[in-house]
Protein chains: 2
Amino acid sequence: MKLSEGVEAAIHCTALLAQLEEGKTMPASALAEYHGLSQSYLLKHLKALAGAGILESVPGPHGGYRLARLPEQITLLDVVLAIEGPKPAFRCAEIRQRGPGALEPAAYVKPCGINAAMLRAERAYRSVLGETRLCDVLADYRNDADPRSIAFGCAFVERNQRPQG
Amino acid sequence: MKLSEGVEAAIHCTALLAQLEEGKTMPASALAEYHGLSQSYLLKHLKALAGAGILESVPGPHGGYRLARLPEQITLLDVVLAIEGPKPAFRCAEIRQRGPGALEPAAYVKPCGINAAMLRAERAYRSVLGETRLCDVLADYRNDADPRSIAFGCAFVERNQRPQG
DNA sequence: GTTGTCATACTCGGATAGCTCGTGTCCGAGTAAAAAGGG
DNA sequence: CCCTTTTTACTCGGACACGAGCTATCCGAGTATGACAAC
């Protein structure tokens, strides 16, 4: 089991975008600089987030990205699904229907118990992620992080946000 | 997020091994035939299960694999961890320590909130898997599956199990 | 001074190499059983 | 008939190609801005 590396970057970017003022945008170049990552790589994931309706992209000069919804309406699950895709981690290959003891497909209307158990676990995983909103992450950050980091973040946002109706 | 394909095979194999009589073993060739898979490939995962203490391997003629513990003492989590490895799905790369606003490492003693949230979700996932024992899976199987499948499975076990103290 | 046009620079978007990791396969080491030979 | 030795065949174990998916990068399409010229 392994999550894509880009998930971490995506969450950090959405968290940073949540801190800029209403309607303002921030270009991918600033997001990349802030996190010490390559802009070209971030664009790939930002595009996925925009395609999932989490971010909005504004083209042209003074353009950039901004949240498409309020931080209260964005969960970590939304971000993870946008990057990783909606398919469950455990994909039952129905190997019970293979081998010499296989019956006709109609005999397998009931779902595989193993698959059901794995999906139960994944539902629990997604449930926790779905209950964790972006605003919760931000609140924890403001409580726990070093004040200098928070100050630097605020200054960076102030410096790099762009107006855009 | 994607689980290894071998997890499904590993669970099915442990479930089949749980059905043979006390102390008896079953060779990998039979397991592969029953599931319609390649023996060479199964061996790779069976070896991982044996290394994790879930299975025991008996070499030589009339050898094979058997459960190292009772089905009540084996959980799906054990099997998944044996195949996928113990590392969590989300591995925090500490990108918060990168970029121009980075501070000295001592400023990051508190864990990253994003990482904490992701690990919370994964704990929930593992908790559900850890509560699902192999005997539960077997009970569901015996309740839900087609009687012909169960009969074939019993006959196959009876036919392919090998004595071995 | 105002307005329309044009060039410009900046943004995101899609298509393209490189690389790690899982999938799938092969051949070799080790062992218990079975067979053969001698007592 | 029983015991020892040898052979045999079967098992698992580790090492080796192949391929998919993620990582990382580059160049092209589109747009608001700003300058410029005509009115």
Side-chain angles (χ1 to χ4, degrees), chain A residues 1-10 13 17 24-33 35-52 55-66 68 80 82-85 87 89-91 93 95 160-165, chain B residues 1-10 13 17 24-33 35-52 55-66 68 80 82-85 87 89-91 93 95 160-165:
Chain A
M1 178 163 50
K2 191 165 79 73
L3 262 78
S4 174
E5 188 91 4
V7 171
E8 185 180 4
C13 284
L17 288 173
K24 304 283 186 72
T25 67
M26 182 179 284
S29 58
L31 289 165
E33 178 197 350
H35 296 109
L37 300 173
S38 133
Q39 171 183 352
S40 312
Y41 180 49
L42 261 189
L43 278 170
K44 184 189 183 72
H45 297 304
L46 293 172
K47 169 177 139 51
L49 292 172
L55 302 185
E56 283 178 352
S57 70
V58 178
H62 292 204
Y65 290 95
R66 69 184 160 205
V80 170
I83 302 296
E84 291 287 327
K87 284 184 226 163
F90 182 84
R91 296 175 306 296
I95 67 174
N160 287 96
Q161 67 181 352
R162 307 286 180 77
Q164 187 79 14
Chain B
M1 179 161 52
K2 192 165 78 74
L3 262 78
S4 175
E5 189 90 6
V7 172
E8 186 180 4
C13 285
L17 288 174
K24 303 284 186 70
T25 66
M26 181 178 285
S29 57
L31 289 165
E33 178 199 349
H35 296 109
L37 300 172
S38 133
Q39 170 183 353
S40 312
Y41 181 48
L42 262 190
L43 277 170
K44 186 188 182 73
H45 297 304
L46 292 173
K47 169 176 139 52
L49 291 172
L55 302 185
E56 283 178 354
S57 71
V58 178
H62 292 204
Y65 290 95
R66 68 184 162 206
V80 170
I83 302 296
E84 291 287 326
K87 284 182 227 165
F90 183 84
R91 296 174 308 294
I95 67 175
N160 288 98
Q161 67 182 352
R162 308 285 180 79
Q164 187 80 16

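So that the names make sense, note that chain A is the first sequence line, chain B the second, and so on, each numbered from 1.
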Could you state the atom-to-atom distance from CG of B:L49 to C1' of D:dG13 in whole Å? 15 Å
Atom pair SG/CD of A:C13 and A:E8 - distance to nearest 0.5 Å: 10.5 Å
Taking only N/O atoms, report every protein-nucleotides 21-24 of chain D pair under 3.5 Å with atom names and distance.
{"residue": "D:dT23", "atom": "OP1", "partner": "A:S4", "partner atom": "OG", "Å": "3.2"}
{"residue": "D:dT23", "atom": "OP1", "partner": "A:E5", "partner atom": "N", "Å": "2.4"}
{"residue": "D:dT23", "atom": "OP2", "partner": "A:S4", "partner atom": "OG", "Å": "2.7"}
{"residue": "D:dT23", "atom": "OP2", "partner": "A:Y41", "partner atom": "OH", "Å": "3.2"}
{"residue": "D:dT23", "atom": "O5'", "partner": "A:Y41", "partner atom": "OH", "Å": "3.2"}

List, one per line, each side-chain donor-acceptor pair under 3.5 Å for residues 44-52 of chain A, sequence neighbours excluded.
{"residue": "A:H45", "atom": "NE2", "partner": "A:Y41", "partner atom": "OH", "Å": "3.0"}

Of all residues at least two apart in sequence or in a different chain, which pass the side-chain hydrogen bond (donor to acceptor under 3.5 Å, both in side chains) check with A:E56? A:R66
To the nearest angstrom, how far is B:H35 atom NE2 from C:dT23 atom C1'? 18 Å
Going by the rule side-chain contact (heavy atoms from CB on, under 4.5 Å), which residues pair with A:Q39 if we only count those two or more places apart in sequence or in a different chain? A:A28, A:S29, A:A32, A:L43
Between protein and nucleotides 6-12 of chain D, map the contacts as a letter string: B base, S sugar-phosphate only, - none, heavy atoms under 4.0 Å, written 5' to 3'. ---BBSS
Output for pair (A:M26 CE, A:R162 CZ), nearest 0.5 Å, gives 9.0 Å
Atom pair distance, as rounded to whole Å: CG in A:N160 and C1' in C:dC10: 15 Å
Rounded distance [0.5 Å steps], CG in A:L17 versus CG in A:L31: 5.0 Å
Which heavy atom of A:L37 sits nearest to which heavy atom of A:A9, and what is that distance? CD1-CB, 3.9 Å
I'd like to check the side-chain hydrogen bond (donor to acceptor under 3.5 Å, both in side chains) partners of A:Q161; sequence neighbours left out, ordered by chain and number. A:E21
